[in-house]
Asks: 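Pasting a structure here, questions to come.
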Amino acid sequence: MLSSRNVVEVRAISKSYVSGGRRVEVLKDVSFDVGKEFVAIIGPSGCGKSTLLRIIAGVEKPDKGEVVFHLSGKPVIGFVFQFPTLLPWMTVLDNVALPLIAAGLRRNEAIEKARTALKIVGLGEFEDFYPGELSGGMKQRVNIARALAVEPGVLLMDEPFSNLDPLTAETLRNEVLDIWLSSILPVKSIIMVTHNVEEAVLMADKVVILSPRPAKVVKIVDINIPRPRSRKASEVQELVDRVYEYVS
Amino acid sequence: MEAHRCDHYLTLLFEHQLSYLVRHYKPLGSGDAVTVEELVIRLALSTSLSLGRMFAAYVISLLLALITGVAMARNKYVETVLLPILDVLQSIPILGFFPAVLLVFVSLLGPAAGSELSSIFLIVTSLVWNMIFGVYSSVKSLDPSIDHLTKVYRLSSIHRFLYVYVPASRSSVAANSIVSWAGGWFFLTSAEVISLGKAEYRLNGLGSFIIEAFEEGDTSAYTTGLLALSAVILVSYLVIWNPLAMKYADARTLLGFVRTYNYIERAVSRAWGFMVEKLLAVYNLVRRGMGFLVPLSITFLWGFLRPHYTGLFWVDSVVLGKVMEYGFKFLLEVPNTFVRVYSVVVAGLAVSVLLAYASHTRLKLGKLIVVSGEILSSIPAMMWWPILLPLLRGSPWVVMMFIYLQGSLWYAFFNILIFGLSSLKESVLELSRVYNIRGRLYMLRIFVPSLLPSILAGGLSASGGAWNSSVAAEYMAFENLVVDMGGLGSLLNRQAQAGDVLGVLSTSIFMSLVVVAVNKLVWARALRRIGGYLAVE
């Protein structure tokens, strides 16, 4: 394995919680590499996928193991939350600009970058709106714009489409792929957690399949199907079936 | 959301004002008349000075509340230490017995600036407590996902403070400002005439203007002053506090001029934005290399303070024996005050629920009731004395209960009529319309249960206010007349008059133990239970 091509290396991560006096093991010896690619992590609900993502984001510390980034400078990470998590007292624009201001940018600069990110997700017209005035799909777009605005090297997404109606989810999936493929942003890798097998196969270059708790890597499946992929294509169907076998 | 009690003022009122007034009491109408122009100029000057003092105190209280409330909500250690201290501070009139604190200001800054600062400090002590608790509870109840967000995007504590915690506290600050503002005005006259032992500092202001007019028996100046005071209070509510609460706390029973308010808000938020930007610029500078200055300066400060920090507490067996004696006296007096405090609280709650029902059925009437409450609760206590003094000889009970009520009722009133009524659920109201639930059934099964959280929060605050008032209500001393109604408040007064510092301290501590015990055993428990019960839907 040529580690120099890797952007992120997840090395032997283990994590357990103490809950109600009992120790619950969540992740056990999880390892995989992420190159300049789109990786989907899939597994049954409650298996610790989100915990893994938080460990990669550096928000939580693993008991064992480490996450190594091969990026020039400090790794910049964008995070798309499962729920939009927008601050209700700020306009859409200010919400997107907040991480930039926190990173020490001057307000004008932060606002300019936020505006660009909002345009990318198609919400340029809505920058002065408050989160309460937007639909669920639009809020999720703001969530994505906020993650893109920091110009991340790695984009982490925690079940980003699971709380949207099917039509909106489909549109947003295509938009995220378009942004990713157009390489207008410095995003090198995307790591997405999902429990939707079809979504994983349609979007990712590689699917990491986790077992039920404590989560271990069951199998890593490469998806070498050229994009755009069609849901109905037989090769897609085949891979979906294969992944299902490992999941269940 | 709840408004909390916040008054030490009744004590000071008693200490400085009542005795003062009585010494100088002359029937109204016996003074010399002043020219109209003179009166107007003096009045305008006094009003703007008092208003300036109030706003200065408000801004200081707001900053204090934001910093303390956020620190308590976010840091377990700060919470463990400060929560019980604040609980006691707001229920026990300790500050009233120690005007020595003010002596510090005067000795440090000289009489002019010192007394001005003391006055603002005194107003702050009547504004700040409920605001701290408001900020604390709103930051404490923030959605945990927001915490996750701030971690992922590495918001520093100053960014979290400015962009998350401060705006998250907006609605509770808006709601609590209504109560605090009233408390501040109520306290104003005491804050403008400060006596430190034999010395007395008088500040130019509306409160001292009215006191002087009263002393001189100048009826027209007295009446004009009182009218000006009521007008200032009314306008400040209509233009600032009511629209603020309408906008951010969903208060429906309020009257307010929204358009004028919006101009003010725009100016304030522009100033705030400017301040935030400058603050962050400084912060970024510090972060880029000057960070070592902060721990360095803390080390220096500690090194400077440390030698002054030892040998403060020393308890020997003689003191212990005395404290036990005080404990016995305390036990003898506590039932009196206990019964008075909680009957006043229950009465205040009952009146407030009835007024709330009237406001609920007729919104226009409700707005009138709340505005009247805002003015009545703000009018400084001494303004009532021309009515109350003659009653004192014949029926002291009435005067005592009036003081108790004035110090307690308003907490129940504002909690229930503003926060309670705004939290009534439309779906529940619709249910009762659809099934035609009316009258007594509606009152008992729909209205009161819906208001329960605010009734309990109001009751908790009102009982704090009532304990606090006991000092002013139970013992009223005159040159030739002492009206002693018994109870803890009167015990505290007797000990204070005798210069018995240890007695005052012990009694205050025993009293705070009772207050905290009742708070924890009754109010807090009931609030917790109600929280669970209302969540089931």
Side-chain angles (χ1 to χ4, degrees), chain A residues 50-51 53-61 74-91 93-111 114 130-132 139 142-143 145-152 154-159 163, chain B residues 66 70 135 138-139 141-175 244 247-250 265-266 268-270 272-291:
Chain A
S50 296
T51 308
L53 207 62
R54 290 164 63 109
I55 288 174
I56 297 172
V59 179
E60 269 185 61
K61 287 217 166 18
K74 223 172 152 192
V76 179
I77 286 166
F79 200 110
V80 178
F81 299 88
Q82 186 176 358
F83 296 96
T85 324
L86 304 177
L87 301 177
W89 47 79
M90 284 183 183
T91 62
L93 187 64
D94 283 331
N95 262 291
V96 176
L98 182 61
L100 296 166
I101 290 173
L105 259 68
R106 299 175 64 85
R107 194 179 146 76
N108 293 346
E109 251 177 290
I111 289 291
Y130 283 90
K139 280 186 213 163
V142 179
N143 189 2
R146 181 174 55 196
L148 297 178
V150 299
E151 298 175 349
V154 177
L155 180 63
L156 305 178
M157 301 199 286
D158 188 2
E159 303 193 23
N163 294 296
Chain B
L66 287 171
V70 169
V135 172
S138 34
V139 174
S141 60
L142 257 183
D143 195 312
S145 68
I146 288 178
D147 208 35
H148 188 190
L149 170 84
T150 62
K151 276 189 194 148
V152 164
Y153 287 114
R154 302 203 156 75
L155 266 65
S156 66
S157 33
I158 189 158
H159 287 100
R160 266 179 286 160
F161 181 74
L162 293 173
Y163 290 105
V164 180
Y165 303 142
V166 170
S169 317
R170 253 186 343 198
S171 65
S172 77
V173 165
L244 181 74
K247 189 163 176 181
Y248 294 112
D250 280 330
E265 189 189 273
R266 227 167 290 151
V268 171
S269 74
R270 208 167 290 163
W272 172 254
F274 181 77
M275 216 176 75
V276 165
E277 197 147 332
K278 292 294 158 223
L279 206 66
L280 287 183
V282 172
Y283 169 77
N284 284 332
L285 214 72
V286 169
R287 194 165 59 166
R288 288 196 198 107
M290 309 286 278

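Throughout, protein chains are lettered first and strands after them, A, B, ... in sequence-line order, and every chain is numbered starting at 1.
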Asks: Walk me through it: do A/Leu87 and B/Leu149 pass the test side-chain contact (heavy atoms from CB on, under 4.5 Å)?
Replies: CA-CA 10 Å; A/Leu87 301 177; B/Leu149 170 84; 4.3 Å; yes

Asks: Check the pair A/Leu98 / B/Tyr153 against side-chain contact (heavy atoms from CB on, under 4.5 Å), numbers first and verdict last.
Replies: CA-CA 9 Å; A/Leu98 182 61; B/Tyr153 287 114; over 6 Å; no

Asks: Using non-hydrogen atoms only, which part of A/Leu100 is less than 4.5 Å away from chain B: side chain, backbone, both, or neither?
Replies: neither

Asks: What part of A/Phe81 gets closer than 4.5 Å to chain B, counting heavy atoms only: side chain, backbone, both or neither?
Replies: side chain

Asks: Given A/Glu60 and B/Lys151, is the side-chain contact (heavy atoms from CB on, under 4.5 Å) satisfied, shown in steps?
Replies: CA-CA 9 Å; A/Glu60 269 185 61; B/Lys151 276 189 194 148; over 6 Å; no

Asks: Output the option from A/Asp94, A/Ile101, A/Ile77 having the highest count of non-hydrogen pairs under 4.5 Å with chain B.
Replies: A/Ile101

Asks: Need one label for B/Ala168: side chain, backbone, both or neither, based on atoms under 4.5 Å from any heavy atom in chain A.
Replies: both

Asks: Output the residues of residues 155-165 of chain B for which the shortest heavy-atom distance to chain A is under 4.5 Å, in residue-number order; output 'none' if no such residue exists.
Replies: B/Leu155, B/His159, B/Tyr163, B/Val164

Asks: With rounding to the nearest 0.5 Å, note down the distance linking CD in A/Gln82 to NE2 in B/His148.
Replies: 10.5 Å

Asks: Determine which residues belonging to residues 102-109 of chain A lie within contact range of chain B, meaning some heavy atom pair is under 4.5 Å apart, and list them by number or answer 'none'.
Replies: A/Ala102, A/Ala103, A/Gly104, A/Arg107

Asks: Tell me, for A/Val76 versus chain B, whether the close heavy atoms (under 4.5 Å) come from the side chain, the backbone, both or neither.
Replies: neither

